[in-house]
Every structure is written in C-alpha cells, then in structure tokens.
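Just so we're on the same page: letters track the sequence lines, and every chain starts at 1.
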2 protein chains.
Amino acid sequence: MARDDKRELLLQATLELVAKQGFHGAPCAAIAEQAGVATGTIYRYFENKDVLIVALYAELESRITTRLMEGYVADRPICDRFMHLAMGVLDYFITHPLEFKYIEQFHNSPYGTDFRRDKLLGNTESSDSSCKCDIYKRLFTEGVELQVIKDLPMPVLFDLAFGPVVSVARNHILGFIQLDDLLIQQIARACWDSLKRHE
Amino acid sequence: MARDDKRELLLQATLELVAKQGFHGAPCAAIAEQAGVATGTIYRYFENKDVLIVALYAELESRITTRLMEGYVADRPICDRFMHLAMGVLDYFITHPLEFKYIEQFHNSPYGTDFRRDKLLGNTESSDSSCKCDIYKRLFTEGVELQVIKDLPMPVLFDLAFGPVVSVARNHILGFIQLDDLLIQQIARACWDSLKRHE
DNA sequence: CAAAAATGAATGATCGTTCATTCATTACGC
DNA sequence: GCGTAATGAATGAACGATCATTCATTTTTG
C-alpha cells in the first residue's frame with residue numbers, strides 16, 4: 001500500500017469517528033482499528049494525536065474553499081455573489097454531513113479555541129488570498145462602501161450571514177428540518193435581508 | 001453550613017471551571033477543590049457527575065427564562081415583542097459570560113445531544129408554558145398568521161433569529177467585537193429584517 | 001538480506017467513583 | 001446538667017477503567 005493511502009485512511013477514520021461520536025468516541029485505538037492499521041502506525045504519519053486532529057481540520061477547510069471558488073464570478077452584483085456563496089456553503093454542508101459535524105466538534109473544543117487564537121495573533125500566512133474568510137471579507141467591504149450592506153463591524157456581518165447558515169445546516173443534518181433547493185434559496189435570501197441596507 | 005449552600009457552591013464551581021476551561025478542565029477533583037469541599041462530597045449532593053452537569057444546565061435555562069419574561073407585554077406589536085426578546089437574550093448573555101460559555105459547552109457535547117433527543121421524544125413536561133422556546137414559538141406563529149413574518153418552517157425562523165445572536169455573543173465574550181446598546185439594537189433589528197415578510 | 005514499515009503489548013498518567021474512617025452535632029439516660 | 005451513645009455529613013486514599021504514547025519485535029519491501 002502506498003504511503004499516502006494510509007495517511008488518507010487515518011484521516012477518513014478520524015473524520016467518521018469524531019463526526020459520529022465526538023472526540024470522546026475517537027480514541028487512538030478506535031481510529032487505528034477503523035482505518036485497518038495498528039495503533040502505533042498513527043505515529044508514523046502524525047507526530048501525535050493533536051497534529052492529526054488539526055491536519056484533518058485544515059484539509060476540510062481547504063476542500064470547502066476550493067468548492068466555493070468554483071463558479072464564483074467577481075464582477076457580479078454584491079447580492080448575487082452573496083447568494084452564490086451562502087447557498088454554496090449550505091449546499092456543501094448538507095451534502096457532506098460528516099465534514100460539517102467534524103468542523104462543529106472542532107470549533108467547540110480546546111482545539112478550536114487555540115486555533116482561533118493562533119489565527120488572531122501570529123497570522124503570518126494570511127497572505128493566502130483564497131481563504132474562505134477573505135472572499136467574504138472583500139465582498140462585505142465592497143458592499144459597505146457601495147452602501148448596499150449595513151455599516152456594521154466586519155465580525156457582526158459575518159455572524160449575520162453565517163450564524164443562521166450553520167444553525168440551519170445542523171438542524172437539517174440532525175433531522176429536525178428537511179432542506180430542499182427552494183428552502184435553501186429562501187434562507188440565503190433571508191440572510192441577505194439582514195445584511196442589506198434599508199432604502 | 002446549611003445543606004443547600006454546599007450544593008450551590010458545587011454548582012457555582014462547576015459553572016466557573018467548565019466555562020473557563022471546558023469539560024476537560026473540570027474533573028471532579030478540581031470541582032470539589034474550587035468549591036472548598038472534598039471530592040467525595042459531590043456524591044452526597046448529586047448521584048454522579050452527569051446529574052450535576054445537567055442540573056446546572058437546567059438551572060441556567062430557568063434563570064434566563066425568568067429574566068426574559070420580565071417586562072414582556074403580550075399585546076405589543078410583533079416587531080416590538082421580537083426586539084424585546086432578542087435584545088434581552090443578547091443582553092443576558094453578554095452580562096453573564098460564564099453562563100453563556102457553559103451553555104455553549106453543554107450544547108456541543110454528548111450531554112447536549114442527549115438532552116435534545118430527550119426533549120424531542122418523551123416531552124411530557126412541555127406543558128410548562130413559561131419555556132423560552134414557547135414564547136418565541138407563539139410569537140412566530142402569530143407573526144406568520146398575520147403575514148408580517150416569512151412563511152418558513154418554525155425551526156428555520158428560530159435559526160434566523162438565534163443563529164446571529166449566539167454568534168455575536170460569542171464574539172463579544174471572546175473579545176473580537178465590543179457590543180454596546182446601539183449595536184445590540186442594530187443587530188436585533190437586522191435579525192428582524194431577516195424574519196420580516198417583504199412588502 | 002538489509003532497511004523501512006508495521007505491529008500491539010506494555011507504560012504511565014488521568015479520570016470518575018467508592019468506601020472505610022473521622023468528627024462535629026444531636027439525642028438520650030441517669 | 002452532665003456523660004455517653006448514636007447519627008450522618010465529610011473526608012481523601014485507593015481502585016478500576018481508559019487514554020495517548022512508546023518501543024522491542026515482527027513483517028514487508030526493494
């Protein structure tokens with residue numbers, strides 16, 4: 001078996017176990033078993049468990065960003081671009097429930113807190129302009145300047161746009177609601193309503 | 001020392017440790033030390049640690065509901081009542097950061113998942129009409145009937161209203177933004193914009 | 001066959017929980 | 001009122017279970 005294959009198997013096993021049972025249900029022994037390797041093998045591909053956890057998170061972020069950039073046309077109207085991004089994120093989450101659950105678990109754990117802190121402080125690699133946050137940030141900045149988006153602090157605009165999207169995705173995946181294309185569009189539109197400046 | 005005092009000390013110690021360091025940072029030994037009692041004493045007031053965790057959550061929910069009902073006038077316009085509730089929740093969260101953090105930790109843990117599942121299934125005590133959810137549910141139902149709120153599934157309306165509120169509260173408490181009365185009002189208004197039916 | 005990869009039993013640390021013991025308080029006998 | 005017995009709250013050392021990590025050994029590869 002090629003070297004990268006086993007690394008991939010370990011990442012996939014971690015994704016499934018953490019998404020389905022949380023970090024408590026994903027000890028190293030279980031991850032190894034799910035991947036079909038021995039416990040010790042984990043340490044040939046990752047320095048320790050924390051490195052594995054963070055590496056998987058980075059991989060998932062990268063996948064979403066790649067998907068979001070597909071079909072994104074930078075010179076469309078602000079509203080159209082926002083709808084594309086909001087519906088894209090929502091669609092990605094509900095078609096990849098395991099990835100969504102993992103990301104949620106990660107954010108609400110010591111891993112996520114440390115990760116955020118690191119991003120705020122020594123943000124040396126923020127020159128990566130393909131970051132999902134940057135796409136939104138530029139869109140919102142432009143919208144505020146053109147006076148089509150409310151003049152609120154950038155993090156607040158993020159919360160207005162993402163807060164409902166994440167909540168709705170969670171409720172869909174847990175089976176409390178059933179999202180379809182029409183509903184997704186209505187939700188993205190409602191988020192836009194909260195961002196849009198009053199005429 | 002009166003019996004209830006030690007129970008209260010244990011609840012307070014659990015609140016502080018879990019809020020500040022997560023469940024990982026709140027072993028029974030640490031909770032007891034913070035409360036100024038011995039480890040074993042916990043088991044005189046609570047059957048086990050899970051019971052303690054859930055009891056604290058129920059206590060916090062009760063406190064918020066009590067606060068929210070203060071000054072709530074049922075025959076005001078839909079918009080006014082929504083603004084009162086949204087601003088009230090946001091204000092409570094940012095003035096009680098430990099309680100907010102604990103509730104977030106609880107929701108994103110096996111405890112929270114089980115709690116939700118129990119509420120969905122054997123919901124025998126749902127006759128408690130003072131439940132926070134019920135206040136909102138009745139407000140939204142009335143709003144949809146009067147055609148001032150969008151005709152979307154009830155859980156989606158919850159997500160549109162609560163998603164941004166929770167996100168914003170978290171970012172304020174983590175120090176990423178600084179909320180004041182004006183900003184709180186603007187955010188509640190933005191949430192209302194996402195709920196409001198288009199003319 | 002030599003080097004690299006994989007193995008999984010062993011290790012040490014940490015956790016929730018238990019329980020024999022201590023000790024302050026209360027109730028009782030005289 | 002005083003000495004003694006009974007009570008049960010409080011204690012914290014000890015236990016068993018679980019975890020991440022290590023490493024001597026075996027297996028695979030080239």
Mind listing the residues from residues 47-57 of chain A sitting with a heavy atom below 4.0 Å of DNA chain D? Number order is fine.
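Those residues whose heavy atoms fall under 4.0 Å from DNA chain D, taken from residues 47-57 of chain A in numerical order, are A:N48, A:K49.
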
Rounding to a whole Å, what distance do you find between [X]:[atom1] and [N]:[atom2]?
X: A:H24; N: D:dC19; atom1: NE2; atom2: C1'; answer: 12 Å
X: B:F46; N: C:dG16; atom1: CZ; atom2: P; answer: 15 Å
X: B:Q21; N: C:dC15; atom1: CD; atom2: P; answer: 11 Å
X: B:E33; N: D:dG12; atom1: CD; atom2: P; answer: 11 Å
X: A:L10; N: C:dA6; atom1: CG; atom2: C1'; answer: 12 Å
X: A:I42; N: D:dC23; atom1: CD1; atom2: P; answer: 17 Å
X: B:Y45; N: D:dT11; atom1: OH; atom2: P; answer: 9 Å
X: A:R44; N: D:dT21; atom1: CZ; atom2: P; answer: 16 Å

Applying salt bridge (charged side-chain N to carboxylate O under 4.0 Å, His left out) to B:E142 and B:R138, what does each step give before you reach the verdict?
CA-CA 6 Å; B:E142 191 180 332; B:R138 267 184 271 156; over 6 Å; no

Report, as yes or no, whether the 6.0 Å neighbourhood of atom CG on B:D181 holds more than 12 heavy atoms from other residues, nucleotides or ligands.
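For B:D181, atom CG is not crowded (no more than 12 foreign heavy atoms under 6.0 Å).
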
Where the side chain of [X] is defined as all heavy atoms beyond and including C-beta, which of [options] is the nearest nucleotide?
X: A:P27; options: D:dA20, D:dT11, C:dA6; value: D:dA20
X: A:V37; options: D:dA10, C:dT7, C:dA6; value: C:dT7
X: B:C28; options: C:dT17, D:dA10, D:dA20; value: C:dT17
X: B:Y43; options: C:dT7, C:dT17, D:dA10; value: C:dT17

Please assess A:R170 against B:D159 for the test salt bridge (charged side-chain N to carboxylate O under 4.0 Å, His left out), listing each intermediate value before the final yes or no.
CA-CA 10 Å; A:R170 178 171 44 233; B:D159 295 332; over 6 Å; no

Test item: [X] side-chain N/O and [Y] main-chain N/O as donor-acceptor pair under 3.5 Å:
X: A:H172; Y: A:L179; value: yes
X: B:D91; Y: B:M87; value: no
X: A:T41; Y: A:V37; value: no
X: B:S62; Y: B:A58; value: no

Does C:dG8 have OP1 or OP2 under 4.0 Å away from a side-chain N or O of A:T39?
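Looking at the OP1 and OP2 atoms of C:dG8, neither is under 4.0 Å from any side-chain N or O of A:T39.
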
